[in-house]
Structures are given as C-alpha cells and as structure tokens.
Amino acid sequence: MKLTAAVGWLGRRGMLVSLLLVTGVTLFAVGLMMFVAAGVSLLYSEFSDARAISAAAALTAAVGGLLWWSVETPNTLTTRAGFAGVGIAWLMMSVFGTLPYLFTGAIPDVTDAFFETVSGFTTTGASLLADPGQLAHGMLFWRSLTQWLGGMGIIVMFVAVLPLLGVGGVELARAESPGANPDRLTPRFQDTAKRLWMVYVMLTCVQVLMLLWAGDMDLFQAVNHSLTTMSTGGFGTEATSIAGFSPYTQWVIIVFMALAGVSFSLHYRALLRPTEYLRQEEFRVYFVVVLASAAWLSIALANQGSAWEQAVRDGAFTAVSMVTTTGYSTADFGLWVPPLQVLLLILMTLGGMAGSTAGGIKSFRLKVLANTAFTELRRVIHPRGMFLIRLNRRPLTINMIRGIFSFFALYVFLLCAGMVLFTSIELAFGSSDLVTSISAVVASLGNIGPGLGEVGPTANYAMVSIPGKWFLSLLMIVGRLEILPILVLFVPSVWRR
C-alpha cells in the first residue's frame, strides 16, 4: 500500500505527500553524487574511503528512494508545499551529507561534520579544517562537489532531468533559487532548468581548461577549484586558499567569480546577444559595485606600500570574492586597516545578481531600495506628483516592492538578532571576541565563509563552540534559501489543512 493511503487520515495528505516526494528525490540525488566521490577514491586507490563513501551513498540513496517510491506524484504543488518541502529537504540532505565525513573518519565529530556539510551545500565556505589538503582525494572531491551541487540547486537539477517533477517545478525553484522569482527562458520551466544547468556546466568546464593552461594546478586541483568558483563556494584544496598560485591563475579565478555572480539566465540570453548584459539594470549595478570596490581597495593597498600590480590584483580579487560571497582569498585582509575591513563587511552583505550562485541581499533589491528612497524624496518635494518605481524600464507592482522591503527587513533583523545571540552563546561557551562574533554572523548569513578576527581568511571556525557551530549552520541554511523556506516551517498555518 502506498504511504499516502496510510497518512490520509491526518488531514494533511497533500502537504505530507509533497514533503516526502521532495525530500526523497533530494536524498536520492545526494546519494548518487556520493557514488561519484567514491569513484574518485577508487581512481586514487583509496579503497578504504571508497568503501566508506559507497556505504554512505547506498544508505542515503536507499532512504531517498524509499520515500520517493512510497508516495504518488501529486498533480499540483502549491507554493506553501514547495517552500516547506525545500526547507525540509535541505535540512535532511545536510544531515545525510555528513555521512561520508563520519564513515571515513575524515571528520569524526558529528557537530563538525554537520557544520562542514552545511557550509558546503550552502556554498558558504566556512571550514573547520586548518589544511584541507590533508583530506583524501575522494573526500576532498565530495567537499567541493557539495558546493557545486548547492550552488545551482539540487532540486532545480532534478526538475531539469525528471519530467515527473515538472508539475510544481516553478514552486520548487522559487523556494530554492537565490533572488527573485525564477526567470523563465522557455514556457516550460523544466526546459529553463536544463538551459541553466547547461550554462553552469559549460562555464565550469571552460574554467577547468583555463586553470590547466597555467600549469600550476593539476587536473584534480583545477576541477575542485572550478566546482567551488562557479558555485561561489570558496572551498579550496590548499591551506593558503588561492594565495599560493600564480597571478594568471588568480586572474582566471577573478573572472569566473565575477561571472558566477551574474544571473545564469542572463548568461544564456547573452550567448546570442552579448548586449543583453548592458540592457539589464541589475547587471549595471552589480558591475559598478564590483568595479568601484576593486578600485577603492587597490588604491588603498598601493598607498600602504604594495606594488601596483599586486595591489590591483589583491584589491580586485578581494572585492570580487566578497561581493559574490565566494570567500576565496589571496591576502590576509584581517591585517588591513579598520576602514578597509568595514568596507569588506559591507561588501559581504551585498551579493551578486538574482539567479546567480551568490548569496547576500542581491543587486536588484539594492536597486529597488535605492529607487524607492529616491522616489519618496521626490514625493516630499512634489506632493501631488505621480511616480512609478521601475526596474529594467518596467514598473514594479506594490506587491513586488513590499516583498523586497519585507526581505530586507527580515535580513537586517536576523543579522542583528544573530549577532546578539551568537555573541551571547560564545560568551557562555567559548571565548570569541566581538569582531569575530559579528563577522562570523555576517559571513554565515551571507554565505561568504571567512570573516574577521579569529575566523579570518588565514584561520578557520574550529575555535567556535559546539552550540555556536549549530547556530551558524542554521544561519547558513537560512541565508542560502533566502529566509522564507526555513521560516515557513515555524508558521502553524502552513501545517493546517
């Protein structure tokens, strides 16, 4: 008997079916990807790790497959069910994603394994490992793969490849994808998802080739860094992040970090018409923010005594890394003067474009907030005037503006509340200073990774207390899913019939 018949008496049949289906499909996908990591272990003759990762993969895929098989595919998927399903699915895949770390012994502690897994799937890049290069090849690849899968979205991937999830695909993508509502490239969202993943894979492959061209990365390093660049994740294979590689490699990563911060649907449209980039107001805002911050940092570093070429490279790299929330580093910005560190904290909250793999508030929201503030100023001067707020020459509805302001208010509230709570947690259980606590919350909610102080670019999060790690893990998931899919889980009306 299908599980739906057994649970129908609860009065929540439609919601429960949706939750089981989305969670089952997600866990099944995660399990399949673990087998890929096991294959990498076999390739490098790491047989013990290969067996352990395969066991984790089999368990995860089996649980996911059982949940998937046990329910009938619903004819429709409501927005409420989509948001709740994505929230539950991300929590569950974070739990099962810890299994390779635990089974191989790479990270034997449950709290640390969960933190590293969440940091991977959410593309945050906050790590507990002082030297990731000590991990075996299979586990290092799994660590990078979690970021690449989480960047574009595992659920969106399955919407693309599985026709049976075509119904409700928009609701799922809306809940999982960072930014505004998914930008349709075709009438059927399943076809849109295929095109987005095609661009994602294509850019990843191009970056692998360009990194290999320099000669200071082998194929394994090039693949890992490409996976974590295009996902704006920032997990690397070296203890020094990108600082130990050649200037050419660093410039390649700068370019691809910047590309990853751009909407992938815009990339697709620009394949046939490159002028599409300049037609988008959000792209222009994003480009100006990146260029201005890179110039500011470069001039400041040059004035402090750095050679011009290195100042420009470090300034551009850090600016792009922070705005796109990638978290890579070529310089220890924890040693920079306080005004530059304040600028970096601001850049951490901005983010790239909607529809990119970047975290943060997003450029389109900043544009609408600025336009709204300017419009209100004009209303003060011209009380009887009629003014429209536009984006890309199209007027925005009241509901769209209200949604953007609601998100901004929630983001600021969570940022402030998170700082107070995390500082209190660390005061009770740890010994973190104020700068470290504040930057850790900013870096976690914005999915950046490195912060300042004891969690700076040359440090890690190992010193955070156990309750603090669980708290930051939750912030990472909330930030990656842009708040609502997690918050709706705590709204009682969502679970009523």
Side-chain angles (χ1 to χ4, degrees), residues 125 207 210-211 214 216-217 225 228-230 232-234 236 238 240-262 277-278 282-353 356 358-363 366-367 370 435 439 442-443 446-453 455-459:
Q207 186 183 355
M210 294 191 68
L211 289 177
D216 59 339
M217 281 190 182
H225 284 92
T228 58
T229 298
M230 290 314 302
T232 64
E238 313 298 322
T240 56
S241 189
I242 310 299
F245 295 106
S246 67
Y248 167 84
T249 297
Q250 293 177 13
W251 280 111
V252 168
I253 291 177
I254 288 172
V255 170
F256 281 89
M257 283 193 299
L259 291 174
V262 176
Y277 287 118
L278 296 179
E282 186 185 5
F283 177 82
R284 296 199 294 269
V285 171
Y286 168 72
F287 181 79
V288 169
V289 168
V290 169
L291 190 63
S293 57
W296 190 335
L297 292 176
S298 299
I299 293 172
L301 293 176
N303 287 338
Q304 293 178 26
S306 298
W308 264 105
E309 190 279 332
Q310 184 174 355
V312 171
R313 179 161 35 90
D314 287 344
F317 193 102
T318 305
V320 175
S321 181
M322 293 298 102
V323 172
T324 62
T325 71
T326 305
Y328 278 145
S329 63
T330 56
D332 185 2
F333 49 75
L335 301 177
W336 291 359
V337 296
L340 294 185
Q341 293 183 356
V342 172
L343 173 62
L344 293 182
L345 284 175
I346 295 173
L347 295 180
M348 288 179 184
T349 65
L350 300 184
M353 294 179 61
S356 70
I361 295 174
K362 300 292 185 303
S363 300
L366 297 175
K367 174 68 174 174
V435 171
S439 64
V442 173
N447 301 139
I448 295 100
L452 299 172
V455 294
T458 60

Participant: For Ser329, is there any backbone N or O sitting under 3.5 Å from a side-chain donor or acceptor partner on Ser241?
Facilitator: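 Answer holds: yes.
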Participant: Would you say the side chain of Phe333 lies within less than 4.5 Å of the side chain of Leu452, judging by non-hydrogen atoms?
Facilitator: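 Contact flag for Leu452/Phe333 side chains = yes.
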Participant: Without swapping roles, check the side chain of Tyr286 against the backbone of Ala258 for a donor-acceptor pair under 3.5 Å.
Facilitator: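 Side chain of Tyr286 to backbone of Ala258, a donor-acceptor pair under 3.5 Å: yes, one is there.
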Participant: Determine whether Leu340 and Gln304 make a side-chain contact, defined as any pair of heavy atoms from C-beta on separated by less than 4.5 Å.
Facilitator: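 Counting from C-beta outward, Leu340 and Gln304 do come under 4.5 Å.
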Participant: To the nearest 0.5 Å, tell me how far Leu344 CG sits from Leu297 CG.
Facilitator: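 It comes to 6.0 Å.
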Participant: In Å, rounded to the nearest 0.5 Å, how long is the span from CD1 of Ile253 to CE of Met230?
Facilitator: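 Interatomic distance, Ile253 CD1 to Met230 CE, rounded to 0.5 Å: 12.0 Å.
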Participant: Strictly distance-based, threshold 3.5 Å: is any side-chain N or O of Ser321 a donor or acceptor partner for the main-chain N or O of Gly327?
Facilitator: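 It does hold such a pair.
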Participant: So, for Ser363 and Gly351, which heavy atoms are closest and what is the spacing to 0.1 Å?
Facilitator: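 Taking Ser363 first and Gly351 second, the nearest heavy atoms are OG-O, 3.8 Å.
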Participant: Rounded to the nearest 0.5 Å, what separates atom CE in Met353 from atom OG1 in Thr324?
Facilitator: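 So the gap between those two atoms works out to 13.5 Å.
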Participant: Kindly state each residue pair satisfying side-chain hydrogen bond (donor to acceptor under 3.5 Å, both in side chains) with at least one member in residues 246-261, sequence neighbours excluded.
Facilitator: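 Found Asp216-Ser246, Asp216-Thr249, Ser246-Thr249, Gln250-Arg313.
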Participant: Within this structure, what is the CD1-OG1 distance for the pair Ile254 and Thr326, rounded to the nearest 0.5 Å?
Facilitator: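 Reported value, rounded in 0.5 Å steps: 11.0 Å.
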Participant: Which value, rounded to the nearest 0.5 Å, describes the distance between Asp332 atom CG and Thr240 atom OG1?
Facilitator: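 Between atom CG of Asp332 and atom OG1 of Thr240 there are 12.0 Å.
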Participant: Apply side-chain contact (heavy atoms from CB on, under 4.5 Å) to Phe256 and Leu259, showing your working.
Facilitator: CA-CA 5 Å; Phe256 281 89; Leu259 291 174; 4.1 Å; yes
Participant: Under the criterion side-chain contact (heavy atoms from CB on, under 4.5 Å), I'd like the reasoning laid out for Tyr328 against Val320: C-alpha separation, chi angles, the key distance, then a yes or no.
Facilitator: CA-CA 9 Å; Tyr328 278 145; Val320 175; over 6 Å; no
Participant: Under the side-chain contact (heavy atoms from CB on, under 4.5 Å) criterion, do Leu345 and Met322 qualify, and how do the steps go?
Facilitator: CA-CA 8 Å; Leu345 284 175; Met322 293 298 102; over 6 Å; no
Participant: In Å and rounded to the nearest 0.5 Å, what is the NZ to CD distance from Lys362 to Glu282?
Facilitator: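 The NZ atom of Lys362 sits 9.0 Å away from the CD atom of Glu282.
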Participant: Determine, step by step, whether Trp336 and Leu301 satisfy the side-chain contact (heavy atoms from CB on, under 4.5 Å) criterion, reporting the C-alpha distance in whole Å, the side-chain angles of both residues, the deciding distance to 0.1 Å, and the verdict.
Facilitator: CA-CA 9 Å; Trp336 291 359; Leu301 293 176; 3.7 Å; yes
